[in-house]
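Data block below; observations after.
Order of the sequence lines fixes the chain letters, A, B, ..., with proteins taken first and strands second; residue numbering starts at 1 for each chain.
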Protein chains: 2
Amino acid sequence: MRIYLIFLKFESIIKIMSNSSRKILSEHSVSITNPRILVLEALMEFGNPITIDELQLKLKDSVAKSTLYRVLNDLKKINILNEFTSPDNSTVVELILEDHPHHHHLFCSDCGEVIDVELSDEFELMLTKEIEKIQKNFNFEIKDHRVEMIGLCTEECANCK
Amino acid sequence: MRIYLIFLKFESIIKIMSNSSRKILSEHSVSITNPRILVLEALMEFGNPITIDELQLKLKDSVAKSTLYRVLNDLKKINILNEFTSPDNSTVVELILEDHPHHHHLFCSDCGEVIDVELSDEFELMLTKEIEKIQKNFNFEIKDHRVEMIGLCTEECANCK
DNA sequence: CTAATAAATGAGACTTATTCTCATTTATTG
DNA sequence: CAATAAATGAGAATAAGTCTCATTTATTAG
């Protein structure tokens with residue numbers, strides 16, 4: 001078993017993310033612009049789903065508010081951005097790249113954190129069967145589903161009131 | 001087997017709903033006012049979850065906008081109103097009275113209709129187990145959950161574009 | 001049943017998230 | 001590198017929801 005230890009300077013990480021942002025944009029035939037790169041980098045750096053408020057805060061000195069919303073809409077159009085509303089009514093956004101598996105969300109109703117969670121394959125299978133039943137009963141064609149779980153993260157969380 | 005056919009005039013139905021609205025309010029020690037009765041009646045009459053826009057339209061000649069929002073907040077406070085955001089970002093509201101069982105929602109992404117659906121007991125049991133696992137893994141206390149299904153209702157729907 | 005008081009209402013001003021406009025800047029392409 | 005189409009920034013416009021305050025209504029104590 002070989003172990004590699006890789007040290008990367010912060011600037012190198014930024015460069016890698018910037019490159020991958022460029023790649024994502026060109027793969028979707030979207031022109032490569034500075035605001036788009038900055039938004040993608042911020043989303044990648046944060047990792048988890050993020051509220052538009054937080055994103056705006058991170059980018060307030062580099063991307064105009066109107067441009068931020070426009071870029072988010074662009075990313076939605078090419079299907080790499082998922083947008084939803086959290087139970088406390090803030091708009092949350094997350095990047096969905098190829099390696100991002102099917103997942104659901106866990107919301108802390110205190111600090112507002114949103115966490116991606118995967119549920120077991122058996123569960124997803126069972127949900128698929130339920131969905132088939134519903135489709136028949138209601139004459140509905142179901143294209144997508146999501147499970148949202150709402151609760152509280154532990155006291156250790158620094159952001160919880 | 002005895003069959004009862006019951007004919008009720010429209011006015012009688014309204015009177016029944018009005019009475020039950022009064023009952024609901026007094027049971028929750030909330031003062032009985034005209035706007036509150038009108039909002040409850042409208043929610044009961046519609047039956048399904050309804051967008052605030054539609055509700056506002058139904059009540060625009062009888063309840064002021066500010067009062068409508070205030071009444072909805074009052075109903076949330078006494079835990080008989082559930083509010084959520086549909087995938088097309090409109091705010092949806094539904095009455096949750098004693099006889100309203102645990103359920104989930106089906107959204108038509110075309111006409112915006114929202115339908116209550118119940119899932120099987122086995123499914124709910126399995127979901128409970130998944131939730132227990134998640135609680136442990138993420139050090140999270142899960143208080144509530146919801147399953148949302150998004151799709152299209154059939155062509156027969158008059159409201160679909 | 002009525003008067004006194006506390007609570008609720010209506011109308012419209014205010015706030016805040018998101019979209020739109022338009023003059024300027026930037027990316028793409030040939 | 002120039003021409004052209006697309007994207008951006010700044011701030012105006014829109015719309016959902018909240019707030020203010022003068023007026024009305026419901027509740028209750030007597």
Side-chain angles (χ1 to χ4, degrees), chain A residues 18-19 21-42 49-78 80-93 112 114, chain B residues 18-19 21-42 49-78 80-93 112 114:
Chain A
S18 166
N19 284 337
S21 299
R22 284 164 187 280
K23 198 168 154 237
I24 291 166
L25 293 172
S26 69
E27 276 171 358
H28 290 87
S29 351
V30 164
S31 66
I32 295 161
T33 66
N34 221 41
R36 285 176 180 160
I37 291 168
L38 290 169
V39 171
L40 281 172
E41 279 174 18
I50 187 173
T51 61
I52 291 189
D53 279 358
E54 281 178 275
L55 190 58
Q56 216 165 348
L57 211 65
K58 276 181 191 288
L59 295 170
K60 68 167 181 296
D61 298 323
S62 44
V63 180
K65 188 177 59 144
S66 52
T67 303
L68 174 59
Y69 279 101
R70 263 186 305 229
V71 168
L72 292 175
N73 282 327
D74 296 339
L75 300 180
K76 277 194 264 177
K77 266 189 211 126
I78 60 174
I80 64 169
L81 192 86
N82 191 7
E83 186 186 289
F84 51 92
T85 305
S86 78
D88 70 354
N89 283 326
S90 39
T91 302
V92 179
V93 115
V114 186
Chain B
S18 166
N19 284 337
S21 300
R22 285 164 185 279
K23 199 170 154 235
I24 291 164
L25 293 171
S26 69
E27 275 171 359
H28 290 87
S29 350
V30 164
S31 66
I32 295 161
T33 66
N34 222 40
R36 286 175 179 162
I37 291 169
L38 290 169
V39 171
L40 282 171
E41 280 175 18
I50 186 173
T51 61
I52 291 189
D53 278 358
E54 280 178 276
L55 190 57
Q56 216 164 349
L57 210 65
K58 275 182 192 290
L59 296 170
K60 68 168 182 297
D61 298 324
S62 45
V63 180
K65 185 177 63 143
S66 52
T67 304
L68 174 59
Y69 279 101
R70 264 186 304 229
V71 168
L72 292 175
N73 282 327
D74 296 339
L75 301 180
K76 278 194 264 179
K77 266 188 213 128
I78 60 174
I80 65 168
L81 192 85
N82 191 7
E83 187 186 288
F84 51 92
T85 305
S86 77
D88 70 354
N89 284 326
S90 37
T91 303
V92 179
V93 115
V114 186

Open item on the list: Return whichever of B:Q56 or A:S66 has its heavy-atom-nearest nucleotide of DNA chain D closer to the 5' end.
Closed with: A:S66
Task: Spacing between A:I37 atom CD1 and D:dA7 atom P, to the nearest angstrom - done: 14 Å
TODO: Kindly indicate whether the side chain of A:R70 and the base of D:dG9 share any N or O donor-acceptor pair separated by less than 3.5 Å?
DONE: yes
Task: Atom-to-atom span, CZ of B:R36 to P of C:dT9 - whole angstrom - done: 5 Å
Task: Side-chain donor/acceptor contact of A:S31 with base of D:dA7 under 3.5 Å - done: no
Open item on the list: Any non-hydrogen side-chain atom of B:V93 less than 4.5 Å from a side-chain atom of B:L75?
Closed with: no
Open item on the list: Rounding to an integer number of Å, can you tell me how far A:L68 CG sits from C:dC20 P?
Closed with: 15 Å
- [ ] Take atom CG of A:D88 and atom P of C:dT16, then tell me their distance rounded to the nearest Å.
- [x] 16 Å
TODO: Considering just the side-chain nitrogens and oxygens of A:T33, establish if one lies under 4.0 Å of OP1 or OP2 belonging to C:dT26.
DONE: no
Open item on the list: Between P on C:dA8 and CG on B:L38, what's the gap in Å once rounded to a whole number?
Closed with: 16 Å
Task: Working for side chain to side chain contact (heavy atoms under 4.5 Å, CB included), residues B:V71 and B:V63 - done: CA-CA 10 Å; B:V71 168; B:V63 180; 5.6 Å; no
Task: Side-chain H-bond candidate by donor/acceptor type, A:D88 with A:S86, under 3.5 Å - done: yes
Task: Atom pair distance, as rounded to whole Å: CG in B:L57 and C1' in D:dA15 - done: 15 Å
Task: Within-4.5 Å side-chain heavy-atom neighbours: B:E54 and B:S90 - done: no
TODO: Enter the distance from A:E27:CD to A:I24:CD1 here, rounded to the nearest 0.5 Å.
DONE: 7.5 Å
- [ ] For the side chain of B:I32, starting at C-beta, report the closest nucleotide among C:dT18, C:dG10, D:dT27.
- [x] D:dT27
Open item on the list: Using OP1 and OP2 only, check whether a side-chain N or O of B:N34 sits under 4.0 Å from D:dT25.
Closed with: no
Open item on the list: From CG of B:D74 over to C1' of C:dA8, roughly how many Å is that when rounded to an integer?
Closed with: 9 Å
Task: C:dT18 OP1/OP2 closer than 4.0 Å to side-chain N/O of A:Y69 - done: yes
- [ ] Could you check how far CG of B:L55 sits from C1' of D:dA16, rounded to whole Å?
- [x] 14 Å
TODO: Please check the phosphate of D:dG17 (OP1 and OP2 only) for any side-chain N or O of B:T91 closer than 4.0 Å.
DONE: yes
Task: C:dG10 OP1/OP2 closer than 4.0 Å to side-chain N/O of B:T67 - done: yes
TODO: Measure the spacing between CD1 of A:I32 and CG of A:L25 and express it to the nearest 0.5 Å.
DONE: 6.0 Å
Task: From D:dG9, D:dA16, C:dT18, nucleotide with atom closest to B:D53 side chain - done: D:dA16
Open item on the list: What contact category does A:N73 fall into here, base, sugar-phosphate, or nothing, at under 4.0 angstrom with non-hydrogen atoms?
Closed with: sugar-phosphate
- [ ] Counting heavy atoms from C-beta on, name the nucleotide in D:dG17, D:dT8, D:dG11 closest to the side chain of B:I52.
- [x] D:dG17
- [ ] Please tell me which of B:S62 and B:K65 maps to the more 5' nucleotide of DNA chain C, matching each residue to the nucleotide holding its nearest heavy atom.
- [x] B:S62
